[in-house]
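Only heavy atoms go into these numbers, but all of them, side chains included; no hydrogens, no water, no symmetry mates.
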Amino acid sequence: MPFNTELTRRLGITVPVVQGGMQHVGTAEMASAVSNAGGLGIITALIWPEPAGLRQEIRKCKKLTSKPFGVNITLLPALVPPDYEAYAQVVIDEGIKIVETAGNSPGPVISKLKKAGCIVLHKCTTIRHAQSAVKLGVDFLSIDGFECAGHVGESDITNFILLSRARQTLKVPFIASGGFADGQGLAAALCLGACGINMGTRFLCTVESPIHHNIKEQIVKAQETDTALVLRRWTNTTRLYRNKVTEQALKVERESKTGDFSEIAPYVSGKRGREVFVNGDPEYGVWTAGQVIGLIHDIPTCKDLVARIEKEAEASLKEKIGLFTPSPKL
């Protein structure tokens with residue numbers, strides 16, 4: 001086993017690669033495929049509108065893998081927020097020991113999980129938020145750079161700087177998230193102080209990913225310039241795949257005289273985005289993708305992808321060590 005990082009040791013995985021929580025995508029089939037490949041697969045709790053649905057999915061995943069897997073609980077603003085603590089209780093009741101958290105005011109949920117002995121990986125986009133999470137007792141921080149898909153935060157700090165700041169500042173181990181797709185990226189993250197990487201968009205484009213094949217092919221064809229930032233006007237900046245609906249949303253955002261969110265809401269509907277993954281029409285609605293789409297050129301199985309990343313990272317690290325020749329001692 002070539003990798004021995006804090007992440008592999010604590011989580012019981014062989015390759016320091018985490019499949020981040022993804023709405024509509026983080027199912028038992030997806031999570032188990034990643035875990036069976038040696039990484040950490042993650043079920044996304046809020047795919048199911050009720051905690052009972054999450055319980056069934058966890059039990060399904062247990063039948064598909066004997067390896068460690070986790071659950072993502074993301075706390076997002078909502079007029080009628082989900083019962084997050086009920087989802088956390090399901091995780092605890094089902095004996096899941098690894099949880100990825102993200103979003104606003106996660107304190108009560110993290111406290112509940114920690115009391116139950118769970119290992120908590122908290123995702124954040126700034127060092128300030130990371131330091132707040134440390135005070136809550138999280139075990140790992142997932143540092144999410146500006147390149148990432150979905151909610152990028154409002155600071156626009158790319159991972160090259162953000163990870164170095166994390167190395168300088170944080171007292172708990174951290175994972176690099178946003179912009180990773182291959183073993184060279186894993187090697188770079190380790191050199192910058194991370195103990196592993198988190199990948200979303202790259203796992204979206206795998207054989208086991210539960211989305212329409214047309215969308216996977218669209219990712220393969222895409223360039224790193226084919227994303228756009230939407231909702232900055234409402235301080236909820238989100239990176240989306242650049243299509244006709246995204247362009248329409250941007251037009252409303254630029255030209256709205258009132259700034260009323262109701263004007264843009266139909267264009268950024270999560271329901272339409274979910275339909276994209278079902279009907280295979282990349283122009284039907286908005287869907288999240290990171291700038292890393294420019295690095296994705298195939299649709300492998302999770303097993304082949306993780307094995308390739310492991311091999312590439314090992315080769316890269318060995319090659320870079322060879323660049324340094326110690327000076328002879330005088």
Peer 1: Got a second to check how far Glu94's CD is from Gln89's CD, nearest 0.5 Å?
Peer 2: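 Glu94 atom CD to Gln89 atom CD measures 10.5 Å (nearest 0.5 Å).
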
Peer 1: Between Arg55 and Arg59, is any pair of side-chain heavy atoms under 4.5 Å apart?
Peer 2: yes

Peer 1: CD of Glu283 to CG of Asn243: how many Å apart, nearest 0.5 Å?
Peer 2: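 Going from the CD atom of Glu283 to the CG atom of Asn243 covers 4.5 Å.
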
Peer 1: Side chains of Thr74 and Asn72 only: does a donor on one sit below 3.5 Å from an acceptor on the other?
Peer 2: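 Yes, a side-chain donor-acceptor pair sits under 3.5 Å.
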
Peer 1: In plain terms, say whether Lys318 and Glu314 are close enough for a salt bridge, that is, a side-chain N and a carboxylate O under 4.0 Å apart.
Peer 2: yes

Peer 1: Indicate whether any N or O donor in one side chain lies under 3.5 Å from an N or O acceptor in the other, for Gln291 and Thr227.
Peer 2: no

Peer 1: Please check if any side-chain donor atom of Thr169 sits under 3.5 Å from a side-chain acceptor atom of Arg165, or the reverse.
Peer 2: yes

Peer 1: Any side-chain donor paired with an acceptor under 3.5 Å for Glu100 and Asn198?
Peer 2: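 The answer is yes; a qualifying pair exists.
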
Peer 1: Hey, are the side chains of Leu141 and Cys124 touching, using non-hydrogen atoms and a 4.5 Å cut-off?
Peer 2: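 When only atoms from C-beta onward are counted, Cys124 and Leu141 do touch, with a gap below 4.5 Å.
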
Peer 1: Distance check, rounded to the nearest 0.5 Å: Ile197 atom CD1 versus Asn159 atom CG?
Peer 2: 10.5 Å

Peer 1: So do Ile98 and Leu121 actually touch side chain to side chain, heavy atoms under 4.5 Å?
Peer 2: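 Leu121 vs Ile98: side chains touch.
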
Peer 1: Return yes when atom NZ of Lys62 has more than 12 non-hydrogen atoms of other residues, nucleotides or ligands closer than 6.0 Å, and no otherwise.
Peer 2: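 For Lys62, atom NZ is crowded (more than 12 foreign heavy atoms under 6.0 Å).
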
Peer 1: Any idea how Phe277 and His24 line up, ring-wise: parallel (<30°), tilted (30 to 60°), or perpendicular (>60°)?
Peer 2: perpendicular

Peer 1: Are the side chains of Arg274 and Lys271 in contact, using a 4.5 Å heavy-atom criterion?
Peer 2: yes

Peer 1: Does a salt bridge link Asp182 with Arg202, judged by any charged N lying under 4.0 Å from a carboxylate O?
Peer 2: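 Salt bridge flag = no for Arg202 with Asp182.
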
Peer 1: Are the charged groups of Glu57 and Lys60 less than 4.0 angstrom apart, N to O?
Peer 2: yes

Peer 1: How about Arg239 and Thr288: do any of their side-chain heavy atoms sit closer than 4.5 Å?
Peer 2: no

Peer 1: Tell me, do Phe140 and Glu6 make a side-chain contact under 4.5 Å, heavy atoms counted?
Peer 2: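 Counting from C-beta outward, Phe140 and Glu6 do come under 4.5 Å.
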
Peer 1: Taking the basic N atoms (NZ, or NE/NH1/NH2) and the acidic carboxylate oxygens, is any pair closer than 4.0 Å for Lys221 and Asp226?
Peer 2: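 No.
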
Peer 1: Looking at Arg128, I want to see if its CZ is surrounded by more than 12 non-hydrogen atoms of other residues, nucleotides or ligands under 6.0 Å.
Peer 2: no

Peer 1: In Å and rounded to the nearest 0.5 Å, what is the OH to CD1 distance from Tyr241 to Ile293?
Peer 2: 6.5 Å

Peer 1: Is any side-chain heavy atom of Val286 less than 4.5 Å from a side-chain heavy atom of Val230?
Peer 2: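 Heavy-atom side-chain distance check fails, nothing below 4.5 Å.
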
Peer 1: Any side-chain heavy atom of Glu29 within less than 4.5 Å of one from Pro210?
Peer 2: no

